[in-house]
Amino acid sequence: MSARLASGLWVAAYMARLQAAAIPAYLARRGDATAGAVVVKLATLDGQARAFVRRWDFASDTRRWAVLAEGDEAAVDAALAREGGRDPDLWVVEIEDRAGRTLLDQDGLAEG
């Protein structure tokens, strides 16, 4: 079993990478600093959004980013509110980028 990075540290590093790439992002919800789940919401500024969460991929035996919700931004926000109601430790990072960039496919972020 490999050690996992504390959620608060991962979020801080991710936010720094987004800032370095000039991708507007903010912390919409702060969760448990050690073990809270992280959701990344991408708003493309056209009324649409997509939310990503890490899920276990049994085929590759790794955790990968998967779509939690997508479509109308209000519907995605409602899905995130429900998730937050079930998980008080949840982190939500919101990105606002017309080009749809999240960096979640880059080394160090894609799996772990």
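Within a 6.0 Å radius of CG in Asp46, more than 12 heavy atoms belonging to other residues, nucleotides or ligands are found. Annotation: Gln19, atom CD; neighbour count of heavy atoms from other residues, nucleotides and ligands within 6.0 Å does not exceed 12.
Here salt bridge (Lys or Arg N to Asp or Glu O under 4.0 Å) pairs that include residues 15-33, with residues two or more places apart or in two chains, number zero.
Rounded to the nearest 0.5 Å, atoms OG1 (Thr102) and CD1 (Ile23) are 7.5 Å apart. Here the CZ-CG distance, from Arg54 to Leu104, works out to 8.0 Å after rounding to the nearest 0.5 Å. Rounding to the nearest 0.5 Å places CZ of Arg64 at 5.5 Å from CG of Asp57. To the nearest 0.5 angstrom, Leu27 atom CG is 10.5 Å from Glu94 atom CD.
Trp65 and Leu68 end up in different hydrophobic clusters when Ile, Leu, Val, Met, Phe, Trp and Tyr side chains are linked at under 4.5 Å. The cluster map of Ile, Leu, Val, Met, Phe, Trp and Tyr, joined by side-chain heavy atoms under 4.5 Å apart, puts Val40 and Val67 in the same cluster. Linking Ile, Leu, Val, Met, Phe, Trp and Tyr whenever their side-chain heavy atoms come within less than 4.5 Å leaves Val53 and Tyr14 in two separate clusters. Note on Met15 and Leu90: separate hydrophobic clusters, where clusters join Ile, Leu, Val, Met, Phe, Trp and Tyr whose side-chain heavy atoms are under 4.5 Å apart, directly or indirectly. Follow the hydrophobic side-chain contacts under 4.5 Å out from Leu103 and you reach Val38 in the same cluster.
For Val39 against Ala51, the heavy-atom pair with the smallest separation is CG1-CB, 4.0 Å. Across Ala35 and Ser7, no two heavy atoms sit closer than the pair C-OG, 3.5 Å. Nearest heavy atoms, Leu42 versus Phe52: CB-CE1, 4.4 Å. Annotation for Trp91 and Ala33: closest pair CZ2-CA, 3.8 Å, computed over non-hydrogen atoms.
Arg101 pairs by the side chain to side chain donor-acceptor pair (under 3.5 Å) definition with Asp97, not counting sequence neighbours. Under the side chain to side chain donor-acceptor pair (under 3.5 Å) criterion, Arg55 pairs with no residue, sequence neighbours left out.
Leu109 is listed as a side-chain neighbour of Trp10, based on a closest heavy-atom distance under 4.5 Å. Side-chain contact check for Tyr26 versus Ile95: every heavy-atom pair is 4.5 Å or farther apart.
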Report task. Could you give me the CA-CA distance, side-chain angles and deciding distance for Val93 and Lys41, then say whether side chain to side chain contact (heavy atoms under 4.5 Å, CB included) is met? Result -> CA-CA 6 Å; Val93 174; Lys41 176 190 167 193; over 6 Å; no
Report task. Before giving the answer on side chain to side chain contact (heavy atoms under 4.5 Å, CB included), spell out for Arg98 and Thr44 the whole-Å C-alpha distance, their side-chain angles and the decisive distance to 0.1 Å. Result -> CA-CA 4 Å; Arg98 290 185 196 284; Thr44 51; 5.8 Å; no
